[in-house]
Asks: 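The following block contains the structure, expressed as C-alpha coordinates.
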There are 2 protein chains.
Amino acid sequence: MMETEIFRALADPTRRAIFEKLAGGSMNASALRQGMDISQPAMSQHLAVLRNAMLVREERQGRFVNYEVNPDGVVLIAGWLAKYRAYWPARVDALKALLKDMDQ
Amino acid sequence: MMETEIFRALADPTRRAIFEKLAGGSMNASALRQGMDISQPAMSQHLAVLRNAMLVREERQGRFVNYEVNPDGVVLIAGWLAKYRAYWPARVDALKALLKDMDQ
DNA sequence: CCAACAGATAAGCGGTCACTTATATGATTC
DNA sequence: GAATCATATAAGTGACCGCTTATCTGTTGG
(Lines give C-alpha, C1' and ligand atoms only; values in the text may rest on other atoms or scores of the structure.)
Protein backbone atom coordinates (compact mmCIF):
# COMPACT_ATOMS: atom_id res chain seq x y z
CA MET A 1 0.00 0.00 0.00
CA MET A 2 1.30 3.39 -1.02
CA GLU A 3 -0.23 5.06 2.01
CA THR A 4 1.82 2.89 4.31
CA GLU A 5 5.05 4.08 2.74
CA ILE A 6 3.93 7.70 2.80
CA PHE A 7 2.94 7.71 6.46
CA ARG A 8 5.99 5.67 7.39
CA ALA A 9 8.21 8.18 5.61
CA LEU A 10 6.58 11.09 7.43
CA ALA A 11 6.73 9.36 10.81
CA ASP A 12 10.40 10.33 11.13
CA PRO A 13 11.02 13.92 12.31
CA THR A 14 14.27 14.20 10.39
CA ARG A 15 12.53 13.21 7.17
CA ARG A 16 9.72 15.68 7.81
CA ALA A 17 12.35 18.38 8.31
CA ILE A 18 13.97 17.45 5.00
CA PHE A 19 10.61 17.49 3.26
CA GLU A 20 9.74 20.84 4.77
CA LYS A 21 13.06 22.25 3.61
CA LEU A 22 12.43 21.03 0.08
CA ALA A 23 8.94 22.52 0.16
CA GLY A 24 10.68 25.88 0.47
CA GLY A 25 12.61 25.29 -2.73
CA SER A 26 14.38 22.47 -4.56
CA MET A 27 17.88 21.69 -3.42
CA ASN A 28 20.67 19.12 -3.75
CA ALA A 29 21.58 16.72 -0.98
CA SER A 30 24.58 18.69 0.23
CA ALA A 31 22.60 21.89 0.49
CA LEU A 32 19.92 20.01 2.42
CA ARG A 33 22.49 18.90 4.99
CA GLN A 34 23.43 22.49 5.82
CA GLY A 35 22.63 23.14 9.46
CA MET A 36 21.03 19.75 9.96
CA ASP A 37 23.69 17.71 11.80
CA ILE A 38 23.15 14.63 9.71
CA SER A 39 25.72 12.40 8.03
CA GLN A 40 25.92 12.14 4.26
CA PRO A 41 24.78 8.50 4.11
CA ALA A 42 21.90 9.18 6.50
CA MET A 43 20.70 12.02 4.26
CA SER A 44 21.00 9.81 1.20
CA GLN A 45 18.99 7.07 2.90
CA HIS A 46 16.30 9.48 4.06
CA LEU A 47 15.97 10.87 0.55
CA ALA A 48 15.62 7.34 -0.81
CA VAL A 49 12.76 6.66 1.61
CA LEU A 50 11.04 9.93 0.70
CA ARG A 51 11.47 9.24 -3.02
CA ASN A 52 10.10 5.73 -2.58
CA ALA A 53 7.06 7.22 -0.88
CA MET A 54 6.51 9.61 -3.81
CA LEU A 55 7.02 12.58 -1.52
CA VAL A 56 10.15 13.73 -3.32
CA ARG A 57 11.62 13.36 -6.78
CA GLU A 58 15.13 13.83 -8.10
CA GLU A 59 16.87 15.06 -11.19
CA ARG A 60 20.53 14.64 -11.80
CA GLN A 61 22.31 17.85 -12.71
CA GLY A 62 25.89 17.06 -13.52
CA ARG A 63 27.69 16.14 -10.36
CA PHE A 64 24.75 17.12 -8.17
CA VAL A 65 21.32 15.59 -7.74
CA ASN A 66 18.55 18.09 -7.35
CA TYR A 67 15.63 17.14 -5.13
CA GLU A 68 12.17 18.63 -5.08
CA VAL A 69 8.76 17.92 -3.57
CA ASN A 70 6.73 15.43 -5.59
CA PRO A 71 3.11 16.64 -5.64
CA ASP A 72 1.90 13.06 -6.09
CA GLY A 73 2.62 12.20 -2.48
CA VAL A 74 0.99 15.34 -1.16
CA VAL A 75 -2.10 14.68 -3.26
CA LEU A 76 -2.25 11.11 -1.96
CA ILE A 77 -2.34 12.31 1.63
CA ALA A 78 -4.94 14.91 0.73
CA GLY A 79 -6.99 12.14 -0.84
CA TRP A 80 -6.71 9.96 2.22
CA LEU A 81 -7.60 12.85 4.50
CA ALA A 82 -10.58 13.79 2.35
CA LYS A 83 -12.27 10.57 3.46
CA TYR A 84 -12.48 12.02 6.95
CA ARG A 85 -13.65 15.46 5.90
CA ALA A 86 -16.61 14.99 8.24
CA TYR A 87 -14.25 15.36 11.20
CA TRP A 88 -12.68 18.63 10.17
CA PRO A 89 -13.89 21.75 11.94
CA ALA A 90 -17.30 22.80 10.73
CA ARG A 91 -16.08 25.95 9.06
CA VAL A 92 -13.50 24.23 6.92
CA ASP A 93 -16.02 21.51 6.20
CA ALA A 94 -18.56 24.01 4.94
CA LEU A 95 -15.98 25.56 2.67
CA LYS A 96 -15.01 22.21 1.29
CA ALA A 97 -18.61 21.39 0.48
CA LEU A 98 -18.86 24.68 -1.32
CA LEU A 99 -15.79 23.90 -3.35
CA LYS A 100 -17.17 20.55 -4.31
CA ASP A 101 -20.30 22.14 -5.71
CA MET A 102 -18.22 24.58 -7.72
CA ASP A 103 -16.03 21.78 -8.92
CA GLN A 104 -18.71 20.00 -10.89
CA MET B 1 6.25 15.94 18.46
CA MET B 2 2.58 15.14 18.07
CA GLU B 3 2.92 14.78 14.31
CA THR B 4 5.43 12.00 14.76
CA GLU B 5 2.95 9.97 16.80
CA ILE B 6 0.13 10.64 14.35
CA PHE B 7 2.07 9.61 11.28
CA ARG B 8 3.60 6.67 13.09
CA ALA B 9 0.13 5.51 14.14
CA LEU B 10 -1.14 5.76 10.57
CA ALA B 11 1.89 4.00 9.13
CA ASP B 12 0.43 0.65 10.14
CA PRO B 13 -2.23 -0.74 7.74
CA THR B 14 -4.09 -2.55 10.53
CA ARG B 15 -4.38 0.68 12.51
CA ARG B 16 -5.58 2.57 9.43
CA ALA B 17 -8.22 -0.12 8.95
CA ILE B 18 -9.34 0.28 12.56
CA PHE B 19 -9.47 4.04 12.18
CA GLU B 20 -11.43 3.76 8.97
CA LYS B 21 -13.90 1.43 10.64
CA LEU B 22 -14.38 3.89 13.49
CA ALA B 23 -14.86 6.71 11.01
CA GLY B 24 -17.96 4.85 9.87
CA GLY B 25 -19.39 4.89 13.38
CA SER B 26 -18.22 4.54 16.97
CA MET B 27 -17.79 1.01 18.28
CA ASN B 28 -16.36 -1.00 21.16
CA ALA B 29 -13.18 -3.04 20.86
CA SER B 30 -14.96 -6.36 20.43
CA ALA B 31 -17.14 -5.04 17.64
CA LEU B 32 -14.04 -3.64 15.97
CA ARG B 33 -12.44 -7.06 15.94
CA GLN B 34 -15.32 -8.57 13.95
CA GLY B 35 -14.00 -9.81 10.62
CA MET B 36 -10.52 -8.47 11.25
CA ASP B 37 -8.50 -11.55 12.25
CA ILE B 38 -6.73 -9.77 15.07
CA SER B 39 -6.18 -10.93 18.64
CA GLN B 40 -7.75 -9.11 21.57
CA PRO B 41 -4.44 -7.83 22.97
CA ALA B 42 -3.29 -6.68 19.54
CA MET B 43 -6.50 -4.69 19.10
CA SER B 44 -6.09 -3.19 22.56
CA GLN B 45 -2.51 -2.18 21.77
CA HIS B 46 -3.45 -0.65 18.43
CA LEU B 47 -6.23 1.35 20.06
CA ALA B 48 -3.76 2.59 22.68
CA VAL B 49 -1.43 3.82 19.93
CA LEU B 50 -4.29 5.53 18.09
CA ARG B 51 -5.53 7.14 21.30
CA ASN B 52 -2.03 8.33 22.13
CA ALA B 53 -1.87 9.94 18.70
CA MET B 54 -5.16 11.74 19.30
CA LEU B 55 -6.75 9.92 16.40
CA VAL B 56 -9.24 8.11 18.58
CA ARG B 57 -10.88 8.68 21.93
CA GLU B 58 -12.66 6.36 24.31
CA GLU B 59 -15.55 6.41 26.71
CA ARG B 60 -16.30 3.65 29.13
CA GLN B 61 -19.85 2.38 28.97
CA GLY B 62 -20.35 -0.18 31.66
CA ARG B 63 -18.46 -3.29 30.79
CA PHE B 64 -17.63 -2.00 27.31
CA VAL B 65 -15.37 0.78 26.13
CA ASN B 66 -16.71 2.74 23.23
CA TYR B 67 -14.21 4.15 20.75
CA GLU B 68 -14.72 6.96 18.27
CA VAL B 69 -12.65 9.12 15.95
CA ASN B 70 -11.04 12.07 17.69
CA PRO B 71 -11.31 15.10 15.41
CA ASP B 72 -8.19 16.62 17.00
CA GLY B 73 -5.92 14.18 15.20
CA VAL B 74 -7.64 14.68 11.87
CA VAL B 75 -7.38 18.43 12.25
CA LEU B 76 -3.69 18.14 13.09
CA ILE B 77 -3.00 16.28 9.87
CA ALA B 78 -5.09 18.79 7.94
CA GLY B 79 -3.01 21.54 9.53
CA TRP B 80 0.24 19.86 8.59
CA LEU B 81 -0.95 19.24 5.06
CA ALA B 82 -2.12 22.84 4.71
CA LYS B 83 1.53 23.94 4.78
CA TYR B 84 1.97 22.20 1.43
CA ARG B 85 -1.19 23.51 -0.13
CA ALA B 86 0.93 24.85 -2.96
CA TYR B 87 1.47 21.28 -4.14
CA TRP B 88 -2.19 20.30 -4.29
CA PRO B 89 -3.82 20.26 -7.69
CA ALA B 90 -4.59 23.73 -8.93
CA ARG B 91 -8.34 23.33 -8.70
CA VAL B 92 -8.36 22.33 -5.05
CA ASP B 93 -5.83 25.03 -4.35
CA ALA B 94 -8.06 27.69 -5.83
CA LEU B 95 -10.98 26.53 -3.74
CA LYS B 96 -8.90 26.61 -0.59
CA ALA B 97 -7.82 30.18 -1.27
CA LEU B 98 -11.43 31.11 -1.71
CA LEU B 99 -12.33 29.53 1.59
CA LYS B 100 -9.56 31.40 3.32
CA ASP B 101 -10.92 34.72 2.10
CA MET B 102 -14.37 33.81 3.31
CA ASP B 103 -12.96 32.72 6.63
CA GLN B 104 -11.72 36.13 7.67
C1' DC C 1 -19.29 -13.06 46.71
C1' DC C 2 -18.31 -15.34 42.41
C1' DA C 3 -18.49 -16.83 37.68
C1' DA C 4 -18.29 -14.69 33.23
C1' DC C 5 -17.08 -11.35 30.18
C1' DA C 6 -14.63 -6.83 28.16
C1' DG C 7 -10.52 -4.92 28.03
C1' DA C 8 -5.62 -3.70 29.56
C1' DT C 9 -1.03 -4.86 30.78
C1' DA C 10 3.36 -7.74 31.03
C1' DA C 11 7.04 -10.21 29.07
C1' DG C 12 9.29 -12.10 25.30
C1' DC C 13 10.49 -12.66 20.30
C1' DG C 14 11.55 -12.01 15.33
C1' DG C 15 11.65 -8.31 12.13
C1' DT C 16 12.47 -3.65 10.87
C1' DC C 17 14.37 1.23 11.60
C1' DA C 18 17.79 4.82 11.70
C1' DC C 19 22.18 5.28 12.37
C1' DT C 20 27.28 4.35 11.88
C1' DT C 21 31.81 3.39 9.23
C1' DA C 22 33.66 1.87 5.05
C1' DT C 23 33.55 1.57 0.31
C1' DA C 24 31.61 2.04 -4.38
C1' DT C 25 29.68 4.77 -8.34
C1' DG C 26 29.44 8.70 -11.21
C1' DA C 27 30.68 13.27 -12.83
C1' DT C 28 34.10 17.19 -13.12
C1' DT C 29 38.47 19.44 -13.49
C1' DC C 30 43.13 19.65 -14.18
C1' DG D 1 43.56 9.54 -16.63
C1' DA D 2 44.19 10.91 -11.80
C1' DA D 3 42.52 13.51 -8.13
C1' DT D 4 38.42 15.36 -6.30
C1' DC D 5 33.86 16.01 -5.19
C1' DA D 6 28.61 14.53 -4.83
C1' DT D 7 26.00 10.82 -3.87
C1' DA D 8 24.79 5.89 -3.31
C1' DT D 9 25.34 1.38 -1.40
C1' DA D 10 26.90 -2.23 1.96
C1' DA D 11 27.24 -4.20 6.35
C1' DG D 12 26.72 -4.00 11.13
C1' DT D 13 24.41 -2.43 15.53
C1' DG D 14 21.20 -0.94 19.23
C1' DA D 15 16.49 0.52 19.63
C1' DC D 16 11.89 -0.03 18.62
C1' DC D 17 7.45 -2.35 16.45
C1' DG D 18 3.77 -5.56 16.21
C1' DC D 19 2.76 -9.76 17.49
C1' DT D 20 2.15 -13.73 20.77
C1' DT D 21 0.81 -16.08 25.33
C1' DA D 22 -0.21 -15.34 29.98
C1' DT D 23 -2.13 -12.72 33.42
C1' DC D 24 -4.39 -8.78 35.52
C1' DT D 25 -8.25 -5.17 36.21
C1' DG D 26 -12.87 -3.73 36.03
C1' DT D 27 -17.85 -4.43 35.38
C1' DT D 28 -22.02 -7.17 35.29
C1' DG D 29 -25.56 -10.60 36.74
C1' DG D 30 -26.79 -14.49 39.36
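In what follows, chains are A, B, ... by sequence order, proteins preceding strands, each numbered from 1. Computed from a predicted structure; not experimentally measured.
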Asks: At under 4.0 Å between heavy atoms, how does the protein contact nucleotides 14-24 of chain C? Give one character per nucleotide, 5' to 3', with B, S or -.
Replies: ---SSBBBB--
Asks: Applying salt bridge (charged side-chain N to carboxylate O under 4.0 Å, His left out), name anything that partners R57(B), two or more places apart in sequence or on another chain.
Replies: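 Salt bridge (charged side-chain N to carboxylate O under 4.0 Å, His left out) check on R57(B) returns E68(B).
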Asks: Within this structure, what is the CD-to-C1' distance between E58(B) and dT9(C), rounded to whole angstrom?
Replies: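 The answer, rounded to whole Å, is 14 Å.
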Asks: Using atom CD of E59(A) as one end and atom P of dA8(D) as the other, report the distance to the nearest whole Å.
Replies: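 The answer, rounded to whole Å, is 14 Å.
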Asks: Between R51(B) (CZ) and dT9(C) (P), how many Å, whole number?
Replies: 7 Å
Asks: Between C1' on dG18(D) and CG on L50(B), what's the gap in Å once rounded to a whole number?
Replies: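 Distance check: L50(B) CG to dG18(D) C1' gives 13 Å.
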Asks: Distance from L22(B) atom CG to Y84(A) atom OH, nearest 0.5 Å?
Replies: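 Nearest 0.5 Å value for the CG-OH distance: 10.0 Å.
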Asks: Applying side-chain hydrogen bond (donor to acceptor under 3.5 Å, both in side chains), name anything that partners S26(B), two or more places apart in sequence or on another chain.
Replies: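 Listed in chain order: N66(B).
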Asks: Round to the nearest Å and state the distance from F64(B) atom CZ to dA6(C) atom C1'.
Replies: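 In whole Å, dA6(C) C1' and F64(B) CZ are 7 Å from each other.
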Asks: Could you tell me the separation between the CE atom of M43(B) and the P atom of dT9(C), rounded to a whole number of Å?
Replies: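 Checked: the CE to P distance equals 16 Å.
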Asks: Tell me every residue that passes side-chain contact (heavy atoms from CB on, under 4.5 Å) with A31(A), counting only those two or more places apart in sequence or in another chain.
Replies: M27(A), N28(A)
Asks: Under a 4.0 Å heavy-atom cut-off, which of residues 17-35 of chain A touch DNA chain D?
Replies: N28(A), A29(A), S30(A)
Asks: For residues 28-44 of chain A, pull every pair meeting salt bridge (Lys or Arg N to Asp or Glu O under 4.0 Å), keeping only residues two or more places apart or in separate chains.
Replies: none
Asks: Distance check: side-chain N/O of Y67(A) vs OP1/OP2 of dA6(D), anything under 4.0 Å?
Replies: no
Asks: Please identify each residue that fulfils side-chain contact (heavy atoms from CB on, under 4.5 Å) with E3(B), with sequence neighbours left out.
Replies: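 side-chain contact (heavy atoms from CB on, under 4.5 Å) check on E3(B) returns R16(A), M1(B), F7(B), W80(B).
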Asks: Considering all heavy atoms of both residues, which atom of A78(B) and which atom of L81(A) are nearest to each other, and what is their separation?
Replies: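 Smallest heavy-atom distance, with atoms named: CA-CD2, 3.5 Å.
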Asks: For A17(A), which residues count as a side-chain contact (heavy atoms from CB on, under 4.5 Å) partner, sequence neighbours excluded?
Replies: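 Only M36(A) meet the side-chain contact (heavy atoms from CB on, under 4.5 Å) criterion with A17(A).
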Asks: Quick one, give me the B/S/- string for nucleotides 25-30 of chain D, reading 5' to 3', where B means a protein heavy atom under 4.0 Å from the base and S means that only happens at the primed atoms, P, OP1 or OP2.
Replies: -BBB--
Asks: Scan residues 73-84 of chain B for pairs that pass salt bridge (Lys or Arg N to Asp or Glu O under 4.0 Å), counting only residues two or more places apart or in two chains.
Replies: E20(A)-K83(B)
Asks: Under 3.5 Å, sequence neighbours excluded: what are the donor-acceptor pairs made by side chains of residues 45-56 of chain B?
Replies:
| unit_1 | atom_1 | unit_2 | atom_2 | d |
| --- | --- | --- | --- | --- |
| H46(B) | ND1 | R15(B) | NH1 | 3.3 |
| R51(B) | NE | E58(B) | OE1 | 2.6 |

Asks: State yes or no: do L10(A) and L76(A) share one hydrophobic cluster built from I, L, V, M, F, W and Y residues joined by side-chain heavy-atom distances below 4.5 Å, directly or via other members?
Replies: yes
